[in-house]
Amino acid sequence: MASLFEASAAATPARRRRPLPAYVIILMVIGAVLVLNALLAPWLAPFDPDTTRLLRRLRPPSWLGGPSESWFGTDQLGRDLLSRCIYGLRTSLGIALVGTLIGCAVGTTIGLISGYLGRAVDTVLMMLVDIQIALPYLLLVLVGIAVLGTDLSVLILLISLHSWENYARLVRGQVLAVRALPYIEASEALGASTIRILFRHVLPNIASPLLVMLTLNFPAILLLESSLSFLGIGVQPPTASLGRMVGEGRHQMLAAWWLVVAPAALILMVTLTAQLLGDWLRDRLDVKTEK
């Protein structure tokens, strides 16, 4: 019997210490490179992204016979496309990250309060969630922009409203599952406050599914920002944004395809990297799928 316990104890740490798959390491490296490029944009960009040079407009990339200093070519105003891609990556990632975190914070707080307090509070908060689900989100964004304007802070606020109801429903379900456990009842018996119980005992135990949803929702938020900018109701010129760069270059696709391919490739890389890492993280944190 002792040997069985020893074998089980030896197998558990080995399973937890299994090495990361090669594709996950590659995805992490790609993600780190993209984030570093966004953070270090002022130092990595070879030119000012807003400087126009009309005599050099629509020049192809340097590897297609264009100017040697313009690796990605120039746009319709002669601006260096590589510099604008780096700054556009910075803008798009920043908006998507802030919007995702705000939506997660709002939804998590509502889910915690709704699931733990229950009764009338739960009914009212879940009614708000149902209203949010029933409202056409794009129509809500258009009304918000028409009323509040196209300022960057307004865009971030409207983007943060996307999917907060999903966080609220997920967290509420998790809280309902853990609030009747013995350690929660023991904390209540010892006189711990509701805030302490929620953020010290409940939230850490539901962090895994919350982190997975956060990772999987980030690409959707990035695509939302890119779509709004593509339509001209998101980030406004002259600020560089990947979605707006695709929108501005779509009219010259036949003559200058690099105007669309470069920013679109960055959008694809970011969303695909985040999505694949989210899928791996979901499988990793799901105990039932471990072998």
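For the numbers below, each heavy atom of this structure counts, side chains included, while hydrogens, waters and symmetry mates do not.
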Do Glu165 and Asp130 have side-chain heavy atoms sitting under 4.5 Å apart?
no

Atom OG of Ser92 and atom CG of Leu34: how far apart are they, to the nearest 0.5 Å?
12.0 Å

Is it true that, when you exclude Leu55 itself, more than 12 heavy atoms of the residues, nucleotides or ligands shown sit nearer than 6.0 Å to its CG?
no

Using a strict 4.0 Å threshold on nitrogen-to-oxygen distance, state whether Asp122 and Arg119 make a salt bridge.
no

For Gln76 and Leu259: C-alpha separation, side-chain torsions, deciding distance, then whether side chain to side chain contact (heavy atoms under 4.5 Å, CB included) applies.
CA-CA 9 Å; Gln76 59 271 26; Leu259 297 181; 3.6 Å; yes

A side-chain contact here means heavy atoms from C-beta on lying under 4.5 Å apart; do Arg172 and Leu176 qualify?
yes

Apply side-chain contact (heavy atoms from CB on, under 4.5 Å) to Asp80 and list each qualifying residue two or more places apart in sequence or on a separate chain.
Pro46, Phe47, Arg53, Ser70, Leu82, Ser83

Start with the C-alpha distance between Ile156 and Val98, add both sets of side-chain angles, then the distance that settles side chain to side chain contact (heavy atoms under 4.5 Å, CB included), and finish with yes or no.
CA-CA 7 Å; Ile156 294 176; Val98 174; 3.7 Å; yes

Over 12 non-hydrogen atoms of neighbours within 6.0 angstrom of CG in Leu64:
yes

What's the shortest heavy-atom distance between Phe199 and Pro204, and which atoms?
O-CD, 3.8 Å

For Gly103 versus Tyr167, what's the shortest heavy-atom pair and its separation?
O-CD1, 3.8 Å

Among residues at least two apart in sequence or on other chains, which ones pass side chain to side chain donor-acceptor pair (under 3.5 Å) with Asp48?
none

Pairwise distance CH2(Trp164) to OG1(Thr109) - rounded to 0.5 angstrom:
11.0 Å

Provide the closest heavy-atom pair for Leu112 versus Leu198 in the form atom of the first, atom of the second, distance.
O-CD2, 3.9 Å

Counterpart residues, side chain to side chain donor-acceptor pair (under 3.5 Å), relative to Glu69 (two or more places apart)
Arg56

Less than 4.5 Å apart, side chain to side chain, heavy atoms only: is that true for Arg57 and Leu77?
no

In terms of heavy-atom contacts, Leu158 and Val141 come closest through CD1-O, 3.7 Å

Return the minimal non-hydrogen interatomic distance between Asn217 and Ser163, and the atom names on each side.
ND2-CB, 3.9 Å

Taking Leu222's backbone N and O only, do any of them form a donor-acceptor pair with Ser226's side chain (distance below 3.5 Å, no angle check)?
yes

Would you say the side chain of Leu97 lies within less than 4.5 Å of the side chain of Ile221, judging by non-hydrogen atoms?
no

As an exercise, state the distance from CG of Leu89 to CE of Met245, rounded to the nearest 0.5 Å.
10.0 Å

Cluster question for you: counting only ILVMFWY and a side-chain heavy-atom cut-off of under 4.5 Å, with indirect links fine, are Leu27 and Ile25 together?
yes

Scanning both residues in full, the closest heavy-atom pair of Leu44 with Leu36 reads CD1-O, 4.2 Å

Arg169 CZ: over 12 foreign heavy atoms closer than 6.0 Å
no

Between the side chain of Arg179 and the main-chain N/O of Gly115, is any donor-acceptor distance below 3.5 Å?
yes

Could you tell me whether Trp280 atom CH2 has more than 12 heavy atoms of other residues or ligands within 6.0 Å of it?
yes

Hey, could you give me the CG/CG distance between Leu152 and Leu157, rounded to the nearest 0.5 Å?
11.5 Å

Working to the nearest 0.5 Å, report the span between CG of Leu140 and CD1 of Ile145.
10.0 Å

Are any non-hydrogen side-chain atoms of Val121 and Leu125 less than 4.5 angstrom apart?
yes

Using only atom types and a distance under 3.5 Å, with no angle test, would you say the side chain of Trp63 pairs donor to acceptor with the backbone of Trp71?
yes

Please determine whether side chain to side chain contact (heavy atoms under 4.5 Å, CB included) holds for the pair Asp75 and Leu58, giving the CA-CA distance in whole Å, both sets of side-chain angles, and the decisive distance to 0.1 Å.
CA-CA 5 Å; Asp75 65 3; Leu58 297 179; 5.7 Å; no

For a 4.5 angstrom cut-off between non-hydrogen side-chain atoms, does Leu277 reach Phe218?
no

Show your working on side chain to side chain contact (heavy atoms under 4.5 Å, CB included) between Arg282 and Asp279 and close with a plain yes or no.
CA-CA 5 Å; Arg282 178 185 58 195; Asp279 290 339; 3.4 Å; yes

Under the side-chain contact (heavy atoms from CB on, under 4.5 Å) test, which residues partner Leu223, sequence neighbours left out?
Ile267, Thr271

With a distance cut-off below 6.0 Å to the six-membered ring centre and an angular limit of 45° from the axis, does Arg250 pair with Phe230 as a cation-pi contact?
yes

The ring pair (Phe, Tyr, Trp, His ring centres under 6.0 Å) partners of His162 (sequence neighbours excluded) come to Tyr137

Side chain proximity check, Val246 to Leu242, heavy atoms < 4.5 angstrom:
no

Quick one: side chain to side chain donor-acceptor pair (under 3.5 Å) partners of Ser68, sequence neighbours excluded?
none

Is it the case that one hydrophobic cluster holds both Leu214 and Val171, taking links as side-chain heavy atoms less than 4.5 Å apart, direct or via other members?
yes

Among Pro238, Pro263, Pro49, Ser241, find the residue that satisfies the side chain to side chain contact (heavy atoms under 4.5 Å, CB included) test when tested with Arg84.
Pro49

Any side-chain heavy atom of Ile233 within less than 4.5 Å of one from Leu228?
yes

How many angstroms lie between CD1 in Ile159 and OG1 in Thr100, if you round to the nearest 0.5 Å?
8.5 Å

